[in-house]
Novice: 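Below: one structure in structure tokens.
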Amino acid sequence: MATTTTAPQQRGRGGRERILAAAAQLFAAQGINATGMEQVADQAPVSKRTLYAHFRTKNDLVLAHLESLASSGATLEGVLTREDIPPRERILRLFDQPAVDTAPVRGCPFIDAAAEFPDPKSAVHSYAREQKLRMVQLVTALVTELGCREPAALAEQLVTLADGAASRAMVLDDADYGRYARAAAEILLERALPGAG
């Protein structure tokens, strides 16, 4: 008896990766709190049993999603560790929105997550805070390498500009909005470099 080979929905191995990919897509499109676990299972596609075997709670899924984003290099902070780019250019690239396949502009996922989990003691908010603190540490190291005066204060100014630009880009749905903050960052860097008046 001949069997027909139709392409079934992808199930089986790789369930965790499919769940994370589905969550990333849904969280970006409609927000974390507006996305239900059943939606994630349907989008993955996996059974609810498989979903909960990988992620006992939605908070576990959200944390894994944020960890995946942080390790992917596809966030604002991702450019800061790229050793193939000179330090000054790495800082200035903070003001470029990461390339994404879909609109609308989403801004910083860590700020978005912290806003949706406003309790500073929540695990999601705490993780978002850690990533924002890591960002300022990376920028501090780069401006120190450049020989800038007052590197800690300068780094705080630069990351505040970058986070503000990302938030406004999301609100205004303007992926190029960072150009304004980039111009301000260039002035800050020039004034902090050795020999600046």
Side-chain angles (χ1 to χ4, degrees), residues 1-85 90 93-94 96-138 162-163 166-167 169-171 173 175:
M1 180 170 122
T3 58
T4 57
T5 56
T6 57
Q9 285 188 324
Q10 188 178 8
R11 294 188 180 269
R13 292 188 176 182
R16 185 176 198 281
E17 291 75 22
R18 290 197 315 278
I19 293 165
L20 285 171
Q25 184 180 18
L26 289 166
F27 293 164
Q30 59 193 32
I32 296 170
N33 289 330
T35 300
M37 292 292 270
E38 190 167 316
Q39 282 182 291
V40 175
D42 289 345
Q43 181 86 10
V46 296
S47 67
K48 283 194 237 177
R49 180 177 177 177
T50 298
L51 173 62
Y52 286 106
H54 287 289
F55 304 102
R56 286 186 325 109
T57 67
K58 185 174 177 183
N59 278 6
D60 291 341
L61 175 59
V62 173
L63 283 171
H65 161 69
L66 293 176
E67 289 167 357
S68 177
L69 282 175
S71 65
S72 74
T75 62
L76 286 178
E77 297 84 350
V79 72
L80 296 174
T81 58
R82 290 196 41 197
E83 294 187 7
D84 60 318
I85 301 172
R90 280 187 247 176
R93 287 201 189 175
L94 281 175
D96 301 337
Q97 280 292 310
V100 290
D101 296 336
T102 59
V105 175
R106 283 335 237 163
C108 174
F110 305 119
I111 292 174
D112 293 346
E116 291 204 52
F117 291 79
D119 180 356
K121 295 177 184 171
S122 77
V124 172
H125 194 103
S126 294
Y127 186 81
R129 180 175 52 249
E130 286 172 21
Q131 292 308 304
K132 295 285 96 181
L133 292 173
R134 179 175 179 266
M135 180 181 179
V136 80
Q137 290 169 347
L138 291 168
D163 283 339
S167 295
M170 184 269 296
V171 170
D173 196 25

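All values derive from a computational prediction rather than experimental measurement.
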Novice: Do any N or O atoms from the side chain of Glu77 and from the backbone of Met135 form a donor-acceptor pair under 3.5 angstrom?
Specialist: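 Checked: no pair found.
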Novice: Check the pair Arg134, Thr81 against side chain to side chain contact (heavy atoms under 4.5 Å, CB included), reporting the backbone distance first and the verdict last.
Specialist: CA-CA 11 Å; Arg134 179 175 179 266; Thr81 58; 3.7 Å; yes
Novice: Between Arg82 and Arg93, is there a side-chain heavy-atom distance shorter than 4.5 Å?
Specialist: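 Of all side-chain heavy-atom pairs linking Arg82 with Arg93, at least one is under 4.5 Å.
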Novice: For the atom pair OG (Ser68) and CD (Glu17), what is the distance rounded to the nearest 0.5 Å?
Specialist: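 Reported to 0.5 Å precision, the distance equals 9.0 Å.
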Novice: Nearest 0.5 angstrom please: Leu63 CG to Ser126 OG, how far?
Specialist: 9.0 Å
Novice: Could you please spell out the steps behind the side chain to side chain contact (heavy atoms under 4.5 Å, CB included) verdict for Ile32 and Leu26?
Specialist: CA-CA 8 Å; Ile32 296 170; Leu26 289 166; over 6 Å; no
Novice: Identify the two heavy atoms, one from Thr35 and one from Gln39, that lie closest to each other, and give their separation to 0.1 Å.
Specialist: CA-OE1, 3.3 Å
Novice: Using a strict cut-off of less than 4.0 Å between a Lys/Arg side-chain nitrogen and an Asp/Glu carboxylate oxygen, indicate whether Arg90 and Glu83 qualify as a salt bridge.
Specialist: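 A salt bridge is absent here (no side-chain N lies under 4.0 Å from a carboxylate O).
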Novice: Atom CG of Asp42 and atom CE of Met37: how far apart are they, to the nearest 0.5 Å?
Specialist: 12.0 Å
Novice: Show the nearest heavy-atom pair for residues Gly31 and Glu116, with the distance to one decimal.
Specialist: CA-OE2, 3.5 Å
Novice: Ile111 and Met170: side chain to side chain contact (heavy atoms under 4.5 Å, CB included), yes or no, with the steps?
Specialist: CA-CA 11 Å; Ile111 292 174; Met170 184 269 296; over 6 Å; no
Novice: How many angstroms lie between OG1 in Thr75 and CG in Leu69, if you round to the nearest 0.5 Å?
Specialist: 7.0 Å
Novice: Quick check: does any side chain N or O of Gln131 sit under 3.5 Å from a backbone N or O of Phe110, one acting as donor and the other as acceptor?
Specialist: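 Such a contact is absent between Gln131 side chain and Phe110 backbone.
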Novice: Kindly give the heavy-atom pair with the smallest separation between Leu66 and Pro109, and that separation in Å.
Specialist: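 Closest approach of Leu66 to Pro109, heavy atoms only: CD2-O, 4.1 Å.
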Novice: Which atom names give the shortest non-hydrogen contact between Ala29 and Arg106, and what distance separates them?
Specialist: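 Taking Ala29 first and Arg106 second, the nearest heavy atoms are O-NH2, 3.8 Å.
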Novice: Quick check for you: to the nearest 0.5 Å, what is the distance between His65 atom NE2 and Phe55 atom CZ?
Specialist: 11.0 Å
Novice: Report yes if some heavy atom in the side chain of Thr57 is under 4.5 Å from a heavy atom in the side chain of Val62; otherwise report no.
Specialist: no
Novice: Do Lys121 and Asp119 sit within salt-bridge range, that is, some charged N less than 4.0 Å from a carboxylate O?
Specialist: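 No, this pair does not count.
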Novice: Whether Asp163 and Lys132 form a salt bridge (side-chain N of Lys/Arg under 4.0 Å from carboxylate O of Asp/Glu) is what I want to check.
Specialist: yes
Novice: With sequence neighbours excluded, what pairs up with Lys58 under the salt bridge (Lys or Arg N to Asp or Glu O under 4.0 Å) test?
Specialist: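 None.
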Novice: Would you check if Asn33 and Phe27 make a side-chain contact, meaning some heavy-atom pair closer than 4.5 Å?
Specialist: no
Novice: Using every non-hydrogen atom in the two residues, find where Leu94 and Ala162 come nearest and quote the distance to one decimal.
Specialist: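 In this case the closest contact between Leu94 and Ala162 is CB-CB, 4.0 Å.
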Novice: Nearest 0.5 Å, please: how far is CZ in Phe117 from NE2 in His125?
Specialist: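 His125 atom NE2 to Phe117 atom CZ measures 11.5 Å (nearest 0.5 Å).
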